[in-house]
Amino acid sequence: MASIELKSVEKWYGEAQVIKGVDLSIEEGEFIIFVGPSGCGKSTLLRMIAGLEETSRGQIIIADKDATAEPPARRGLAMVFQSYALYPHMSVRENMGFSLKAAGVPKTDMDAKVDEAARVLKLEPLLDRRPKDLSGGQRQRVAIGRSIVRDPTAFLFDEPLSNLDAALRVEMRYEIAKLHQSLKSTMIYVTHDQVEAMTLADRIVVLEAGRVSQVGSPRELYENPGNLFVAQFIGSPKMNVFPANTPELRLPTPLPPNAAHFGIRPEHITLGAPGSGQIDGTVDVLEYLGADTYVIADCGSAGKLTIRGHGETSLAPGQSVSLAFEDGKTHLFDEAGLALRY
Ligand SMILES: Nc1ncnc2c1ncn2[C@@H]1O[C@H](COP(=O)(O)OP(=O)(O)OP(=O)(O)O)[C@@H](O)[C@H]1O
Ligand SMILES: [Mg+2]
């Protein structure tokens, strides 16, 4: 039983089609992440599921009921935004209980729900404070708490952590992972952050210009990207891609005739003496990051390739090197960008 199902969903703004026929089946309890470049339709799709945007065509099924025409309040979903508008004059407890109070839930039930949400989110010591006396991360937790009390069928998050600094993001990422473990609710989460997507998702939905480019577990997308777009979108630094017919390439076996693009991730290349690997190059730039050093090598007609090496390196710009590709880690794509199995 799928908890949320999108059937050929489309969104048109006048003549402009923004969501171009999306089919997606989300299981109960799944953590689904939408990623994709800015403007590809992530927020629009999430808002259509929430009922905040009308669906132009297709169907949205929530808990086996057609919810396409239902208003947001009747869908049983909770949405957490990047800007968590809390009521400044209300305490944390009042902010969290507000929607229940408005719905006429008796005070004892309301208090029990707020206490339970505060326990899950570790907000118990802060229940009497006002939002202005909280840190950004604490405010974001209150915003999540406000949605938990309503026992939603699913949580929808639109870049909930993007206003937080790097350290707080890491902390909140952990909190959200724990929250999903304890609530076991369906979650749909939009992010720009590779690490959030890879670490939190059961499945990642990669969107490209209003279409689903590929859906899969983080590992499936990383190991077997179905096309060039996903190959270069998932993984950081991104996959190196160059023409399959690059004359300097020395491969042990010939490539299939329909191979147009050759891909190899920076972490699947090791550097050796000139002539030892599959392609030679010259070190152009070294990017030292502590644990790793990214080596950018100029490889003639293959262009600039990135190699992920150890932090400690004795390489220097201008040095001649050879790049060896790890067995079984190369990717091939046809002219249209579709992955080839070989
Ligand atoms: N009211 C509107 N009228 C016309 N076009 C719109 C409207 N709202 C959004 N769009 C367009 O729809 C497309 C998708 O927008 P959306 O906000 O879903 O993108 P996104 O993937 O969430 O991007 P970002 O990562 O920048 O948040 C964009 O091209 C945007 O300009
Ligand atoms: Mg958006």
Side-chain angles (χ1 to χ4, degrees), residues 4-24 26 30-60 62 67-69 71-72 75 77-85 136 139-140 143-144 147 152 154-166 168-169 172-173 176 186-201 203-216 218 221 225-236 238 337:
I4 298 178
E5 204 167 348
L6 309 184
K7 291 184 174 174
S8 311
V9 159
E10 297 181 18
K11 178 71 185 176
W12 293 77
Y13 288 112
E15 297 283 284
Q17 190 177 13
V18 171
I19 300 294
K20 301 172 183 170
V22 168
D23 288 288
L24 185 65
I26 298 172
E30 251 193 315
F31 202 133
I32 293 287
I33 296 227
F34 290 172
V35 294
S38 187
C40 69
K42 304 179 292 295
S43 297
T44 305
L45 196 56
L46 196 71
R47 292 169 59 82
M48 287 163 73
I49 296 170
L52 299 170
E53 290 288 350
E54 196 193 331
T55 296
S56 314
R57 284 197 200 134
Q59 278 184 308
I60 296 178
I62 298 172
T68 319
R75 297 192 183 200
L77 308 175
M79 182 120 179
V80 181
F81 298 93
Q82 158 189 134
S83 54
Y84 30 79
R139 276 182 219 152
Q140 188 56 277
I144 295 170
S147 54
F155 290 87
L156 311 180
F157 295 93
D158 195 353
E159 306 206 38
L161 309 186
S162 58
N163 281 345
L164 307 179
D165 69 36
L168 212 47
R169 282 184 85 117
M172 282 303 296
R173 191 172 80 216
I176 287 176
T186 309
M187 295 189 173
I188 311 178
Y189 188 108
V190 170
T191 184
H192 267 111
D193 189 300
Q194 279 271 333
V195 183
E196 277 173 27
M198 296 299 277
T199 57
L200 291 173
R203 285 190 300 157
I204 297 176
V205 178
V206 184
L207 291 169
E208 183 192 12
R211 286 199 173 85
V212 174
S213 190
Q214 193 175 356
V215 183
L221 297 192
N227 56 62
L228 256 183
F229 179 78
V230 174
Q232 293 207 286
F233 195 82
I234 300 286
S236 176
K238 69 179 183 177

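Whatever order the structure lists them in is the order used to number ligands and atoms, beginning at 1. These numbers come from the heavy atoms of this one structure, side chains and all, not from hydrogens, waters or symmetry mates.
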Please report whether atom 16 (P) of ligand 1 has a protein non-hydrogen atom at a separation of less than 4.0 Å. yes
Are there protein heavy-atom neighbours of atom 30 (C) of ligand 1 below 4.0 Å?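 When distances to the protein are checked, atom 30 (C) of ligand 1 has no heavy atom within 4.0 Å.
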Which protein non-hydrogen atom lies closest to [atom], naming both residue and atom, and how far is it?
| atom | answer |
| --- | --- |
| atom 5 (N) of ligand 1 | Tyr13 CD1, 3.3 Å |
| atom 11 (C) of ligand 1 | Val18 CG2, 4.0 Å |
| atom 25 (O) of ligand 1 | Lys42 NZ, 2.8 Å |

Can you check whether [X] reaches [Y] side chain to side chain, under 4.5 Å on heavy atoms?
| X | Y | answer |
| --- | --- | --- |
| Tyr13 | Ser56 | no |
| Glu208 | Cys40 | no |
| Ile176 | Leu161 | yes |
| Leu207 | Ser213 | no |
| Lys42 | Val205 | no |
| Ile144 | Met172 | yes |

Under a 3.5 Å distance rule, please check whether Gln214 uses its side chain to pair with a backbone N or O of Pro225 as donor and acceptor. no
Who's closest to atom 24 (P) of ligand 1 heavy-atom-wise, of Gly41, Ser38, Ala209, Gly14?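 That would be Ser38.
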Residue selection (non-hydrogen contact nearest atom 18 (O) of ligand 1) among Asp158, Thr191, Leu207, Thr44: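 Nearest heavy atom to atom 18 (O) of ligand 1 lies in Thr44.
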Does His192 reach ligand 1, in the sense of a heavy atom lying below 4.0 Å from it? yes
In this structure, does ligand 1 have an atom that sits under 4.0 Å from one of the heavy atoms of Gly36?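 Checking ligand 1 against Gly36, which is what was asked, there is no heavy-atom contact under 4.0 Å.
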Is there a nitrogen or oxygen of Gly39 sitting under 3.5 Å from a nitrogen or oxygen of ligand 1? yes
Is it the case that ligand 1 has an N or O less than 3.5 angstrom from some N or O of Leu45?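 N/O-N/O distance below 3.5 Å does not exist for this pair.
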Using a strict 4.0 Å cut-off to heavy atoms of Ser43, name the atoms of ligand 1 that fall inside it. 17 (O), 18 (O), 20 (P), 22 (O), 27 (O)
Just checking: Thr44, one of its N/O/S atoms, less than 2.8 Å away from the Mg ion (ligand 2), yes or no? no
The residue among Leu6, Val18, Ile19 that forms side chain to side chain contact (heavy atoms under 4.5 Å, CB included) with Met48 is Ile19
Arg169/Glu196 ion pair, N-O < 4.0 Å: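 Yes, Arg169 and Glu196 are salt-bridged.
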